[in-house]
Asks: 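The following block contains the structure, expressed as structure tokens.
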Protein chains: 2
Amino acid sequence: MSAHPPDFSAAARLPYGTRRVSRARAAIAEAASEMRGAFTAERLHERVAREHPGIGLATVYRAVAAMTEAGYLARVGARDGAALYAVCASEEHHHHAVCESCGAVAPVACTLVRAALPPGFAVTHHELAIYGMCADCARRSGEVGA
Amino acid sequence: MSAHPPDFSAAARLPYGTRRVSRARAAIAEAASEMRGAFTAERLHERVAREHPGIGLATVYRAVAAMTEAGYLARVGARDGAALYAVCASEEHHHHAVCESCGAVAPVACTLVRAALPPGFAVTHHELAIYGMCADCARRSGEVGA
DNA sequence: GCTCCAAGTGAGAGTCATTCTCAGTTACGC
DNA sequence: GCGTAACTGAGAATGACTCTCACTTGGAGC
């Protein structure tokens, strides 16, 4: 129909590696970067659909899978059977601490100690999910309680 | 119908805490103790149903939930969207290393280091799933490969 | 031994997150 | 502009797990 050169933010290409830059993926990547803390695929879809109605849930799942594979997003746990994702702060291997009160996500250095493993066990991958309450929320709940 | 005093193994009572000892739960606890390594609820059901046809999947799920709550079983990860369980070796807090080749499960001491967490973050709970290959399987695959 | 009753059970429908399918659309290299 | 493969939307399919409800049964009290 038109020959407009697509002008989606160049940054939008990054989360997906070398794949094509589509309008839907650019919108999903932008929405993900604007989410505060951990989110489910469905909440991300809600947010995307607010500004771009018509983008399907399947497309969001596909984009999340692509971004996770590219290391831009990480699975940081699960809530009520739904996977929780968050934008990764660094590309180095790390884990995440999720505040159950406000949903904030903080990076946590990996503390997997090889000596704790059974002798000869070769780790291929591991997952650590940490849940709790961040300092801000703890202070706030302390003020209310006091 | 009869007044036979139920003679289910006394040990079968333990995995469920103080609850009643029923034929189905005794069978499920026994089957769980005979499983090698990690297993899904469905595989446990298959095994139970082999010797006790008629025991429903819902009953197995309920028994697994009760045993997990009682600390006799632990969720050691997930495979293809299904939860993996294993019999807990000790009652102390620990994690599990799962061999992806043979399914064997080995206890791993918790190495969560408080210093690695963001300052002020209060951990309520955490989950660590470690996947890899146990020494036996590594040796075996090495022999084949060599 | 008998009775009572709450815990436990079986069957299967329901729920929900996630994946799959497929025809149509579109970004992008040429 | 064209060709094509990657991507998309819609919704059906899948699969793990939970819920409901009428029925059964273990175990305590008498």
Side-chain angles (χ1 to χ4, degrees), chain A residues 1-10 12-13 15-29 31 38-46 48-49 52-70 73 75-85, chain B residues 1-10 12-13 15-29 31 38-46 48-49 52-70 73 75-85:
Chain A
M1 204 185 280
S2 75
H4 291 299
D7 192 25
F8 314 135
S9 148
R13 181 195 299 270
Y16 303 104
T18 59
R19 301 176 199 221
R20 240 170 53 182
V21 181
S22 75
R23 202 175 298 271
R25 290 200 167 191
I28 294 167
F39 53 87
T40 62
E42 198 168 353
R43 277 186 61 84
L44 179 59
H45 175 240
E46 269 174 28
V48 171
H52 300 80
I55 289 185
L57 186 55
T59 301
V60 171
Y61 271 106
R62 280 185 288 234
V64 164
M67 287 191 283
T68 302
E69 198 180 344
L73 290 187
R75 213 193 131 118
V76 298
R79 184 166 51 204
D80 300 334
L84 282 176
Y85 298 90
Chain B
M1 205 182 284
S2 74
H4 291 301
D7 191 26
F8 313 137
S9 149
R13 181 193 299 270
Y16 302 104
T18 60
R19 301 174 197 219
R20 237 170 57 182
V21 181
S22 74
R23 202 175 298 269
R25 291 202 167 190
I28 294 167
F39 52 87
T40 63
E42 199 169 352
R43 276 187 60 86
L44 180 58
H45 175 239
E46 269 175 29
V48 171
H52 301 80
I55 290 185
L57 186 55
T59 300
V60 171
Y61 271 106
R62 279 184 288 235
V64 164
M67 287 192 283
T68 302
E69 199 180 343
L73 289 187
R75 213 193 131 119
V76 298
R79 185 167 49 203
D80 300 335
L84 282 176
Y85 298 91

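In what follows, chains are A, B, ... by sequence order, proteins preceding strands, each numbered from 1.
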Asks: Out of dC17(D), dT8(D), dT18(C), which has the shortest distance to the side chain of Ala83(B)?
Replies: dC17(D)
Asks: Under the side chain to side chain contact (heavy atoms under 4.5 Å, CB included) test, which residues partner Leu57(B), sequence neighbours left out?
Replies: His45(B), Tyr61(B)
Asks: Grab the two heavy atoms, one from Ile55(B) and one from Ala27(B), that are nearest each other, plus how far apart they are.
Replies: CD1-CB, 4.1 Å
Asks: Look up atom CG in Leu73(B) and atom CD1 in Ile28(B), then write down how far apart they are to the nearest 0.5 Å.
Replies: 10.5 Å
Asks: Write down the distance between CZ (Arg43(A)) and P (dC16(C)), rounded to a whole number of angstrom.
Replies: 17 Å
Asks: Of all residues at least two apart in sequence or in a different chain, which pass the side chain to side chain contact (heavy atoms under 4.5 Å, CB included) check with Ala83(B)?
Replies: Arg75(B), Tyr85(B)
Asks: dT8(D), dT18(C), dG27(D): which one has an atom nearest the side-chain heavy atoms of Thr59(A)?
Replies: dT8(D)
Asks: Which nucleotide wins on minimum distance to the side chain of Arg25(A), given the candidates dG27(D), dT8(D), dC17(D)?
Replies: dT8(D)
Asks: Rounded off to whole Å, could you give me the CZ-to-P distance for the Arg23(A) and dG9(D) pair?
Replies: 11 Å
Asks: Looking only at heavy atoms, which two atoms of Thr59(A) and Ala24(A) are closest? And how far apart?
Replies: CG2-CB, 4.1 Å
Asks: Rounding to an integer number of Å, can you tell me how far Arg79(A) CZ sits from dC16(C) C1'?
Replies: 16 Å
Asks: Reading DNA chain D from 5' onward, which residue's closest nucleotide shows up sooner: Arg75(B) or Val60(A)?
Replies: Val60(A)
Asks: In whole angstrom, give the distance that lies between atom CG of Leu44(A) and atom C1' of dA17(C).
Replies: 15 Å
Asks: Please name the pair of heavy atoms, one in Arg25(A) and one in Ala66(A), separated by the smallest distance, quoted to 0.1 Å.
Replies: NH1-CB, 3.9 Å
Asks: Enumerate all atom pairs, one protein N or O and one N or O from nucleotides 18-20 of chain D, separated by less than 3.5 Å.
Replies:
none

Asks: Rounded to whole Å, please give me the gap between CD in Glu46(A) and P in dA17(C).
Replies: 11 Å
Asks: Take the C1' atoms of the five end pairs on each side of the helix from dG1(C)-dC30(D) to dC30(C)-dG1(D), derive the two axes, and give their angle rounded to 10 degrees.
Replies: 40°
Asks: Using atom NE2 of His45(A) as one end and atom P of dG9(D) as the other, report the distance to the nearest whole Å.
Replies: 8 Å
Asks: Report the nucleotide, chosen from dG26(D), dG10(C), dC28(C), that has the shortest atom-to-atom distance to any side-chain atom of Val21(A).
Replies: dC28(C)
Asks: For Glu42(B) and dG15(D), give me the distance from atom CD to atom C1', rounded to whole Å.
Replies: 8 Å
Asks: So which nucleotide from dA27(C), dT8(D), dT18(C) ends up closest to the side chain of Ala82(A)?
Replies: dT18(C)
Asks: Phe39(A) has an atom CZ; how far is it from atom C1' of dA17(C), in whole Å?
Replies: 16 Å
Asks: Just to confirm, is there a sub-4.0 Å distance from OP1 or OP2 of dT8(D) to any side-chain nitrogen or oxygen of Ser22(A)?
Replies: yes
Asks: Please report the shortest heavy-atom distance between Ala41(B) and Val60(B), naming the atom on each side.
Replies: O-CG1, 3.7 Å
Asks: Tell me, please, which residues at least two apart from Arg79(A) pass side chain to side chain contact (heavy atoms under 4.5 Å, CB included).
Replies: Leu84(A)
